[in-house]
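Notes to accompany the following structure.
Chain letters run A, B, ... following the sequence lines, proteins first, then strands; residues in each count from 1.
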Amino acid sequence: MLKIALPDGTQRTYSSPVSAYDVAAEIGPGLAQAALAAEVDGGQTDLHALLPPEGEVALKLLTKRDAAALEILRHSAAHVMAQAVMRLFPGVQLAFGPATETGFYYDFLLKCPLTEEDFPHIEAEMRAIVKENLAFERLEIPRPEALELCRELGQELKVEHLETGLDDQETLSFYRQGEFVDLCRGRHLPSTKHIGKGFKLLSVAGAYWKGDSSRQQLQRLYATVFFDKKELAAYLHQLEEARRRDHRVLGKKLNLFEIDDRVGAGLVLWKPRGAVIREELQNFIGQHLKRQGYSQVFTPHVGKLELYQTSGHFPYYQDSQFPPLVDRETLRKLADDGCSCSDLANRLTAGQIDGYLLKPMNCPHHIRIYASEKHSYRDLPIRLAEFGTVYRWEQSGELGGLTRVRGFTQDDAHLFVTEAQLPDEIAGCLELVKIVLGTLGMSDYRVRVGLRDPESDKYVGQPAQWDRAEAACRQAAAGLGVEYTAEPGEAAFYGPKIDFVVRDVIGRQWQLGTVQVDYQLPERFELEYTGADNKPHRPVMVHRAPFGSLERFVGVLIEHFAGAFPLWLAPEQVRLMTVSEKSADYARQVETQLRQAGLRLTADYRGQKLGAKIREAQLALVPYMLVVGEKDAQQGTVTIRDRLEGDLGPRTLAAAIDQLQAEIAAKTVRQTKQ
RNA sequence: GCUGCUGUAGCUCAGUGGUAGAGCGCGUCCUUGGUAAGGACGAGGUCAUGGGUUCAAAUCCCAUCAGCAGCUCCA
């Protein structure tokens, strides 16, 4: 006897074995047709799988309206895609083919490279398989037979996975549709016809077997599927929109920055318009730093190798640094002694040669500023801030636009504090990040508190200190009024940290602001302050950067605003334009006054029609246009056009300037709804 | 770093072995037009770089550099 509880509160009892489908069919033919899979006591099951014969279960039938069904659809589509590829390319080895947040992929090992030209053929074969309406059939197979089956099928990767990843499983599940059999946990749709027509292959890329870069590389086919063709179209449109907002595209179109081959990959040239945005952001944060009692410092872009040997960054992280600089004299002597390149590298690593490093971080410089004076506990906290440019040798494949570069400027600061001051100082840092994100209308972010992994012994510092610091981080994060997750094992080896992860328009997540507690560097550099007990004490350091790096932050900001910056950040705040050349003289007076008012503008005096000038300014995403014609010249007015609202009508120049300055001062974010 | 794709005018791109192209932008001239494209003429190219194949290479091959997608990485 089986009792089934349905989500609507009703109960059904069965004396003979039934599947979820049987239950659906009994409720009604419509539901039987719509049902795709089921949840039994919260766990997924195939629609036609038999339910337990005895007891009581909660059953929920999944239809295409359930998010869980979408995942099942995508995973099933992955099998169909794999089947199509196997039909078209004999000898394919299958790896993994899961559903993802936006679609699915399948990893293949095959001799010839797949290209986009193959997509239509694969898609056509997939359509054929859908039309064949093959049932997805679950097979439960004991381990020895499962291994035998995978060997027979020639699926060596599956054999390996059975022997390593799944070595504790006595029975393995396979799914079969038609001639295609795949080792798979499931679940799947009843049959291939339910996949429908809303699928599309998107891209092909390399991926390592089991995510290990030392293993063989597979070909990963990315695709997506929706229950509805319209949803697919909407998703493709969203991808299109994301491309339109791409900061690399907008950066070129709006003349914000350039990355030039002749200068070097990953090295950003900030053009005048991009520099305005950066400067405004720096000024903005600078005001808050003053308010919070920070001291501005400046330090050079290089430091002695020995400095980084003390900090531990060299040679440990040398693969992600630009190679050291060695002076001419030393190099010549080494060459005369017959020192080879590999000797040189070894001797640099061993610390036998003096050299300089392009600084990969700012902390050692700031530490030496702290250490240049003797400090009392009364001086603390000491907060040293700098827009510090650092250089890191990112792997060539990682570079991209402004978001991953080789030289970047952090809005960096280091706080030297007593342990008692730690909670307040962390809270102050978080407040700053929150102000920054709030001012820019970036609300889609999460806060991640990285704690130590209790199992690991890689961490430096006393456990009691860690407990206090972690408590301080949690407390500060909780005080933010934003949801946060505590993630054990995510701490740096030198201390816990708090990261702000912002989600951009394409759904990618970027780690921007960060606050990190550090016990390691004060130790390594033997930093001290004199306590009230007249004895030396070790300060704790806090590293923090609300933007992370200005490059990455501006990159994300460009996409966030789709290039249409709020007035206070807009490189060109106003486009002044004449109706005809007859009003040019008056317009020049207006231009002078606007400049004196501190507004950033360009003036368009060309003998073009007004419509053309407006169109250009609209496309250039200039927030306000000031139109001056003969009527304005007579009345001493300007006519304002808002990029979003259109023509706002005439007003006196003074009134127009007041309006713009008020909006700038308020840092108002105005955007059209997307 | 790895796999695949790509590199032609300032930008977006067409050109698949036989004379280097388009649109936009830019310049000059005409037009003096009140809220999203007025017209005419013109300038602009080591076809990423270096080799090779060929009577002949933007086009085919190899290498390098750079970009893109993804993987791996990010103190």
Using the [atom1] atom on both, measure [N] against [M] and round to a whole Å.
N	M	atom1	answer
B:C47	B:A20	P	11 Å
B:C30	B:U35	P	25 Å
B:A69	B:G15	C1'	26 Å
B:A58	B:A9	P	15 Å
B:A14	B:A48	P	14 Å
B:U16	B:G7	P	13 Å
B:C26	B:A43	C1'	9 Å
B:G27	B:G10	C1'	13 Å

Would you kindly give the [atom1]-to-[atom2] distance between [X] and [N], to the nearest whole Å?
X	N	atom1	atom2	result
A:Glu394	B:U72	CD	C1'	13 Å
A:Leu110	B:U3	CG	P	15 Å
A:Gln395	B:G67	CD	P	14 Å
A:Leu114	B:G4	CG	P	11 Å
A:Asp260	B:A66	CG	P	12 Å
A:Arg606	B:C29	CZ	C1'	15 Å

Could you check whether atom CD of A:Glu487 has more than 12 heavy atoms from other residues, nucleotides or ligands sitting under 6.0 Å from it?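 Yes - once you tally the heavy atoms of other residues, nucleotides and ligands closer than 6.0 Å, there are more than 12.
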
Distance criterion of 3.5 Å, no angle test: do you see the side chain of [X] paired donor-to-acceptor with the base of [N]?
X	N	answer
A:Tyr208	B:G70	no
A:Arg392	B:C74	no
A:Asp632	B:G34	yes
A:Gln219	B:U3	no
A:Arg243	B:C68	no

Test: A:Arg588 cationic atom under 6.0 Å from A:Tyr605 six-membered ring centre, within 45° of axis: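 So A:Arg588 does make the cation-pi contact.
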
Assess A:Arg74 against A:Phe104: is NZ or CZ under 6.0 Å from the centre of the six-membered ring, and within 45 degrees of the ring's axis?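 A:Arg74 over A:Phe104 ring: no.
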
Looking at [X], I'd like to know whether one of its side-chain N or O atoms comes within less than 4.0 Å of OP1 or OP2 on [N].
X	N	value
A:Tyr317	B:C74	no
A:Gln608	B:G38	yes
A:Lys582	B:G33	yes
A:Arg248	B:A69	yes

Assign [X] to base, sugar-phosphate, or nothing according to its heavy-atom contacts below 4.0 angstrom with the strands shown.
X	value
A:Leu202	nothing
A:Gly611	sugar-phosphate
A:Gly312	nothing
A:Phe493	nothing
A:Tyr222	sugar-phosphate
A:Arg641	base
A:Thr639	base

Measure from the side-chain heavy atoms of A:Asp647 and tell me the nearest of B:U35, B:A75, B:G67.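 Looking only at side-chain atoms, A:Asp647 lies closest to B:U35.
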
Counting side-chain heavy atoms from CB outward, which of B:G34, B:A69, B:G1 is closest to A:Glu630?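 Among the listed nucleotides, the one closest to the side chain of A:Glu630 is B:G34.
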
Between A:His161 and A:Phe96, is the gap from one ring center to the other below 6.0 Å?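 Distance test on ring centres: under 6.0 Å, yes.
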
Is any side-chain heavy atom of A:Pro324 closer than 4.5 Å to one of A:Tyr356?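 Not touching, per the 4.5 Å side-chain cut-off.
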
For the residue pair A:Leu221 and A:Val204, what are the closest heavy atoms and their distance?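 Shortest heavy-atom contact: CD2-CB, 4.0 Å.
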
What is the minimum heavy-atom distance between A:Ile640 and A:Gln659, and which atoms define it?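 Closest heavy-atom pair between A:Ile640 and A:Gln659: CD1-OE1, 3.6 Å.
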
Using modelled atom types only, decide if a donor and an acceptor are shared between the side chain of A:Thr652 and the backbone of A:Ala655 within a distance under 3.5 Å.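 At least one qualifying donor-acceptor pair exists.
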
If you find the nucleotide of RNA chain B closest to A:Asp261 and the one closest to A:Met361, which residue's nucleotide is nearer the 5' end?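 Checking each residue's closest nucleotide, the 5'-ward one belongs to A:Asp261.
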
5'-most contact on RNA chain B: A:Ser580 or A:Leu619, nearest heavy atom basis?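 Nearest nucleotide further toward 5': that of A:Ser580.
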
Name all stems that contain residues of RNA chain B, defined as runs of 3 or more consecutive Watson-Crick or G-U wobble pairs, both distances under 3.5 Å.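 Detected stem regions: B:1-7 with B:65-71, B:10-13 with B:21-24, B:26-30 with B:38-42, B:48-52 with B:60-64.
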
